[in-house]
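Contents: one structure, followed by commentary.
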Amino acid sequence: MTETAETTADIPPFRYTATLAGEIEARWQQRWDERGTFHAPNPAGPLADPAHPRFNAEKLYLMDMFPYPSGAGLHVGHPLGFIGTDCFGRYQRMAGRNVLHTMGFDSFGLPAEQYAVQTGQHPRTTTEQNIERYRQQLRMLGLGHDQRRSVATTDVEFYRWTQWIFLQIFNSWYDTDAGRARPIAELIAEFASGQRGTPDGRAWAELSEVERRGIVDDYRLAYISEAPVNWCPGLGTVLANEEITADGRSERGNFPVFKRNLRQWMMRITAYGDRLLADLDLLDWPEPIKLMQRNWIGRSSGAHISFPTEAGAIRVFTTRPDTLFGATYMVLAPEHELVDAMIPAAWPEGTRPAWTGGHATPREAVEAYRKFAAGKTDVERQAEAKEKTGVFVGAFATNPVNGARLPVFIADYVLAGYGTGAIMAVPGQDERDWAFAEVFDLPVIRTVQPPEGFDGKAYTGEGPAVNSGFLDGLDIAEAKARIIEWLESNGHGTGAVTYRLRDWLFSRQRYWGEPFPIVYDSTGLPIALPEEMLPLELPEVADFSPKTFDPEDADSSPETPLSRNREWVEVELDLGDGPKRYTRETNTMPQWAGSCWYELRYLDPTNAQTFADRANEEYWLGPRTPTDAGGADLYVGGVEHAVLHLLYARFWHKVLYDLGHVSSKEPFRRLFNQGYIQAYAYTDPRGAYVPAEEVVERDGRFFRGETEVNREYGKMGKSLRNVVTPDEMCAAYGADTFRVYEMSMGPLEVSRPWETRAVVGSYRFLQRVWRAMIDEHTGELRVVDAPADEKTRRLLHRVIDGVRGDMDALRFNTAIAKLIELTNGLTQLSATPREVAEPLVLMLAPFAPHVAEELWQRLGHADSLAYADFPVADPALLRAESVTYPVQVNGKVRGRVEVPADATEAQVREAALAAVADQLAGRDPRKVIVIPARMVSVVL
RNA sequence: GCCGGGAUGAUGGAAUCGGCAGACAUGAAUGCCUCAAAAGCAUUUGCCCGAAAGGGCGUGCGGGUUCGAGUCCCGCUCCCGGCACCA
């Protein structure tokens, strides 16, 4: 399908063919570029343009989730959303708004680096080549982007500001009392003045410089932590929790991932848990996406309770403090820090053999269990989730509410990273605890009365408290409130809230990412580079790859590419106290970093003083009403970013908001999830993929030649041999046809299969539009100034009205269907009235901008239609002169009547009854229902 | 397991507020044009009965509410997505 769709013979010379479409498209793309047609004026700075027709008009900030420029280029699925936003933007521009729409590139990332590793070619070279290819492909589609605003996250002038934002985050802390981030200098001032006490109570002045720095570093929103991280030897890097699949492997490459304690950069996103949750209510996002974020944040409220032991108190978190009287044992995560201190030399008197795991001493038992638990991969843990394992540590805790002696276990069903890494086990009300209690033969005390006839195990439903002393008889909510009151007044605990959300692991052992603007001095503590030293450019290295290991080698340790350039790593700098030797951070930032803030750089991409001028940020992103959070007006992209990218970007935006750098609380006011274009792939009997375009269907079966092949449905991909590119479609039909097809094949949010043979429908439609205006044989205009007949005129205005409604609601498929109806209404006419031709061209322009511009010009207009007014329906022509009512008798349509539009209900009723008189056969209807302008229903 | 979304002709989809199910398009069939084919154009096209007029059935399945249900309610089935020992 790389040839044009028709052979050259016998085609009328002025028909709208792919060849003509290609000429028109190239010409208009060039004009738009030359004229800067899609430049959106800023209120301030170098991109301000007071002469622009939309200067300071009502704005619309449109965004696509920017792509990673892969070497394979775009296939027909990629631009679906891009075309959708372009159609919407062009419509809104014609409707009077100042539309900001551009496209950038999320260009740091693994493939360029891996390609570099294989070929020795610098990642920047491949990345820039790929970006160039993407730009060409996007240009070919006629997207109305403001090219001046296009950025790539790998541009030094872009990542300079990524590093700057990192420094803002590093240099701030979260003031939980104020509920916002504040500059770190204010924290230091509080310590220095004594307003805030130090952790160990000593005066600030008594602390050494290193001690002070250590304390402050623990408050920072970007901090270094020696914590269990996901180490992936096969990739040679650590990964964020979110980059790991459900079965415990790397999302990229599908390698095993191990928990290892390593020093890594973290972002304190958990400090924002409450606000990230609460502010979802301010956003116009799909409810399922909000729900996914809510679940990801996982807020649960309950209480922290302390259980004394001889080695110190075990602090647990529970959502069911009301069941405290039912606690019969305690469980700590195997890694819990208190475990070692609690272990006695020997098993206590009367320890059951089953609790010891067959070991002679508690220490041996704990060590063996830890080894067992650490050796399990996450896959195994999932698979064995039902069979509870654990071991008694040989110590007891005391239940604060009744003094009961509770044996303490370690078990891997308690996770070190959630809550406090310890639980009180209440088997009567918790299924997991019940399962564990069954294995270890532990007692069960029910503290909620199950309903009559309940024969299950743990009871988690509602009911009155029992066996619970002063709580007896209260329902769960009342009991919770009472016990929290009791815990707080007796000093045994407090009401508390926890989150499933963890802090964000922010460093990667890669080359192709933003370097951290951080150095270390002889103390080993981090020091921020001053702003003037930005950008910190990526150094050249001999080898771009991190050291990778046997994927199963859990004991290996990361080695970063940057660490190999010793000249770069070891530097002498003057950071204000004279030249000194420092060591640079050699990790790089994760790929998410650039996409956390690019919506801001689009606003003011050439600004060298700041990431975006405040006036521009306020105009494009600022809140529109007192309760509005602000943000881009429409952000279109796939659901796969529902949690990670969108949560991270919201987090960074909120930090910048707290520090006063932006006026908007949220980056994306409205989110829209586009569907995917999927494709069929075919395998031959050996299971090998065969080229999809060679497969034909016969009687519901599929053949390549004489061989029957098997059909699968899924992604488009090179290895599946089913890729169709926009380049092929543009060559065969033209970009306008391709755009119309993508927009007409279904609603934007729905995934659907690609079907090349159906594209011809959109091609025929554009040919009919063209033929309605241009004589195919002479090339002359077929448009006349004579007025349209009444029927055509009414059709036109009904279509205008419908199309506007559809465009506003992003229902492009039904808008196009209406335009086709209007066009089909013109094909019988001997000439096309101008009063219909012009609105049709204008309404077509968002979808097929090139051919629309061409026709607009041939209709005698010198200027681009990009800023022409979108047609408005005449309300007088929307009112029908007569209405046809279907008449139902007992729910079935038995006739229809045409009555004048202004007929009274009684007249309609009378006409309807007359129309179905034969059905009535003289009987009197029991009831007659007249729905104005809709139908008549007769009940016998 | 829990949570979310979905199921309409051969196919993609339309029906926006409970009011004529199948807009628009693909495919298929027939015709026009052509020496022929392609392209283009025109007509038909949910299923069943019928020569036709006409009738019956029909929105995953089973019930319900209603004059009237693709749309609302109850109970299922299947498909897709998210989370998954989160205390």
Side-chain angles (χ1 to χ4, degrees), chain A residues 5-12 15 17 246 286-296 298 300 302 316-320 323 331 381-382 384-386 388 411-415 417-426 429-433 435-436 498-502 639-640 642-643 697 700 740-741 744-747 749-765 767-768 771 776 802 805-806 809 811 813-821 824 827-828 884-893 896 925-929 931 933-940:
Chain A
E6 58 282 295
T7 52
T8 46
D10 299 339
I11 293 171
R15 175 167 290 178
T17 61
E287 242 357 275
I289 302 297
K290 290 189 184 182
L291 195 63
M292 280 162 74
Q293 292 221 341
R294 286 192 190 105
N295 291 342
W296 192 265
S300 41
V316 307
F317 174 73
T318 176
T319 56
R320 295 292 304 274
T323 64
V331 187
R381 286 187 53 161
Q382 308 270 348
E384 297 161 10
K386 280 133 236 141
K388 294 283 178 286
D412 65 357
Y413 86 92
V414 171
L415 308 173
Y418 184 76
T420 61
I423 62 159
M424 64 174 201
V426 187
Q429 270 76 230
D430 185 285
E431 281 157 16
R432 296 151 300 181
D433 294 347
F436 189 86
T498 25
Y499 300 90
R500 203 191 74 111
L501 180 71
R502 315 293 168 79
V639 257
E640 72 271 24
V643 175
E697 181 179 353
V740 170
Y741 175 65
S744 66
M745 62 200 289
E749 67 272 23
V750 172
S751 293
R752 67 284 320 248
W754 177 260
E755 192 177 10
T756 295
R757 68 178 181 182
V759 179
V760 72
S762 301
Y763 186 55
R764 289 176 188 151
F765 162 50
Q767 285 186 330
R768 288 198 296 278
R771 195 179 299 123
E776 289 190 331
D806 288 342
R811 290 189 303 256
N813 54 328
T814 51
I816 290 171
K818 291 180 176 80
L819 294 177
I820 293 172
E821 279 185 76
N824 292 351
T827 53
Q828 267 78 18
T884 304
Y885 282 84
V887 185
Q888 285 185 355
V889 178
N890 285 346
K892 300 216 178 290
V893 179
R896 46 193 80 232
R926 281 202 294 142
K927 203 194 250 185
V928 178
I929 299 153
I931 314 293
R934 287 286 185 184
M935 70 184 318
V936 181
S937 187
V938 180
V939 190
L940 283 179

Open item on the list: Between A:Tyr885 (side chain only) and A:Arg934 (backbone N and O only), is there a donor and an acceptor less than 3.5 Å apart?
Closed with: no

Task: Nearest-angstrom distance from the residue atom NZ of A:Lys388 to C1' of B:A87 - done: 12 Å

Open item on the list: Within the 4.0 Å heavy-atom criterion, would you say A:Arg500 contacts the bases, only the backbone, or no part of the nucleic acid?
Closed with: base

TODO: Give the rounded distance in Å between these two atoms: CH2 of A:Trp754 and P of B:U11.
DONE: 20 Å

Open item on the list: In whole Å, I'd like the distance from the CD1 atom of A:Ile931 to the C1' atom of B:U66.
Closed with: 12 Å

Task: Side chain of A:Thr827 - closest among B:A39, B:G19, B:A42 - done: B:A42

Open item on the list: Any base atoms under 4.0 Å from A:Val331, or only sugar-phosphate, or nothing? Heavy atoms, all strands.
Closed with: nothing

Open item on the list: Evaluate A:Val426 against A:Thr318 for side-chain contact (heavy atoms from CB on, under 4.5 Å), listing each step before the verdict.
Closed with: CA-CA 10 Å; A:Val426 187; A:Thr318 176; over 6 Å; no

- [ ] Take the protein atom CG of A:Asp430 and the nucleotide atom C1' of B:C85, then report the distance between them rounded to whole Å.
- [x] 9 Å

Task: Nearest-neighbour nucleotide for the A:Ile820 side chain, B:A25, B:G27, B:A14 considered - done: B:A25

Open item on the list: Can you tell me the base-pairing partner of B:G40? Count Watson-Crick or G-U wobble geometry only, both distances below 3.5 Å, and say none if there is no partner.
Closed with: B:C32

TODO: Can you tell me the pairing partner of B:C85 across any strand shown, Watson-Crick or G-U wobble, with both distances under 3.5 angstrom?
DONE: none

TODO: Any strand is fair game: report the nucleotide pairing with B:G62 by Watson-Crick or G-U wobble, both distances under 3.5 Å, or none.
DONE: B:C74

Open item on the list: So, does A:Arg764 get its side chain near the phosphate of B:U26, meaning an N or O under 4.0 Å from OP1 or OP2?
Closed with: yes

- [ ] Name the closest nucleotide to the A:Thr814 side chain, picking from B:C20, B:C85, B:A15.
- [x] B:A15

Open item on the list: Using a heavy-atom cut-off of 4.0 Å across all strands, would you classify A:Arg294 as base, sugar-phosphate, or nothing?
Closed with: nothing

- [ ] Please state the C1' separation for the pair B:G54 and B:A36 - nearest whole angstrom.
- [x] 44 Å

- [ ] Ignoring backbone atoms, establish whether A:Ser937 has a side-chain N or O less than 4.0 Å from OP1 or OP2 of B:G19.
- [x] no

- [ ] For the pair A:Arg500 (side chain) and A:Ser300 (backbone), establish whether a donor and an acceptor sit closer than 3.5 Å, ignoring hydrogens and angles.
- [x] no

Open item on the list: Only pairs with both distances under 3.5 Å count, Watson-Crick or wobble alike; so what is the partner of B:G27 in this structure?
Closed with: B:U45

Task: Shortest side-chain distance from A:Ile929, nucleotide among B:C85, B:C67, B:G13 - done: B:C67

Task: d(OH, A:Tyr741; C1', B:C24) in whole Å - done: 13 Å

Task: Nearest to side-chain heavy atoms of A:Ala758, which nucleotide of B:G12, B:U26, B:G19 - done: B:U26

Task: Atom-to-atom span, CD of A:Gln293 to P of B:G81 - whole angstrom - done: 20 Å

Task: Given RNA chain B, 5'-ward residue of the pair A:Pro747 and A:Val759, judged by closest heavy atom - done: A:Pro747

Open item on the list: Ring-plane angle category for A:Phe436 and A:Tyr413, please: parallel below 30°, perpendicular beyond 60°, tilted otherwise.
Closed with: tilted

Task: Polar side-chain contact A:Arg896-B:C20 base: donor and acceptor under 3.5 Å - done: yes

Open item on the list: Counting only Watson-Crick pairs (N1-N3 plus N6-O4 or O6-N4) and G-U wobbles (N1-O2, O6-N3), all under 3.5 Å, who is the partner of B:A69?
Closed with: none

TODO: Mark yes or no for whether A:Gln293, through its side chain, and A:Ala642, through its backbone, hold a donor-acceptor pair below 3.5 Å.
DONE: yes

Open item on the list: Categorize A:Asn824 for me: base, sugar-phosphate, or nothing, with a 4.0 angstrom heavy-atom threshold over every strand shown.
Closed with: sugar-phosphate

Open item on the list: Check this one for me: any side-chain N or O of A:Lys892 less than 4.0 Å away from OP1 or OP2 of B:G19?
Closed with: no

Task: Short side-chain N/O contact to B:C41 OP1/OP2 from A:Arg771, under 4.0 Å - done: yes

- [ ] Counting heavy atoms from C-beta on, name the nucleotide in B:C85, B:A87, B:G5 closest to the side chain of A:Pro288.
- [x] B:G5

Open item on the list: Taking 4.0 Å as the cut-off, does a side-chain nitrogen or oxygen of A:Arg811 come that near to OP1 or OP2 on B:A14?
Closed with: no

- [ ] Return the value, rounded to whole Å, for the distance between atom CG of A:Leu819 and atom C1' of B:A25.
- [x] 14 Å

- [ ] Could you check whether A:Ser300 gets within reach of a base, just the sugar-phosphate, or nothing at all, counting any heavy atom under 4.0 Å?
- [x] sugar-phosphate

Task: Nucleotide of B:A87, B:C67, B:G12 approaching A:Met745 most closely (side-chain heavy atoms) - done: B:G12

Open item on the list: What contact category does A:Thr498 fall into here, base, sugar-phosphate, or nothing, at under 4.0 angstrom with non-hydrogen atoms?
Closed with: nothing

TODO: Look at the side chain of A:Thr318 and decide which nucleotide, out of B:C20, B:U16, B:A87, has an atom nearest to it.
DONE: B:A87

TODO: Decide, for B:G9, between syn and anti: a glycosidic angle within 90° of 0 counts as syn, anything else as anti.
DONE: syn

Task: Nearest-Å distance for atom pair CE/C1', residues A:Met935 and B:A15 - done: 14 Å

Task: B:A23 OP1/OP2 closer than 4.0 Å to side-chain N/O of A:Asn813 - done: no

- [ ] Remember a base hit wins even if backbone is also touched, and classify A:Gln888 as base, sugar-phosphate or nothing at under 4.0 Å, heavy atoms.
- [x] base

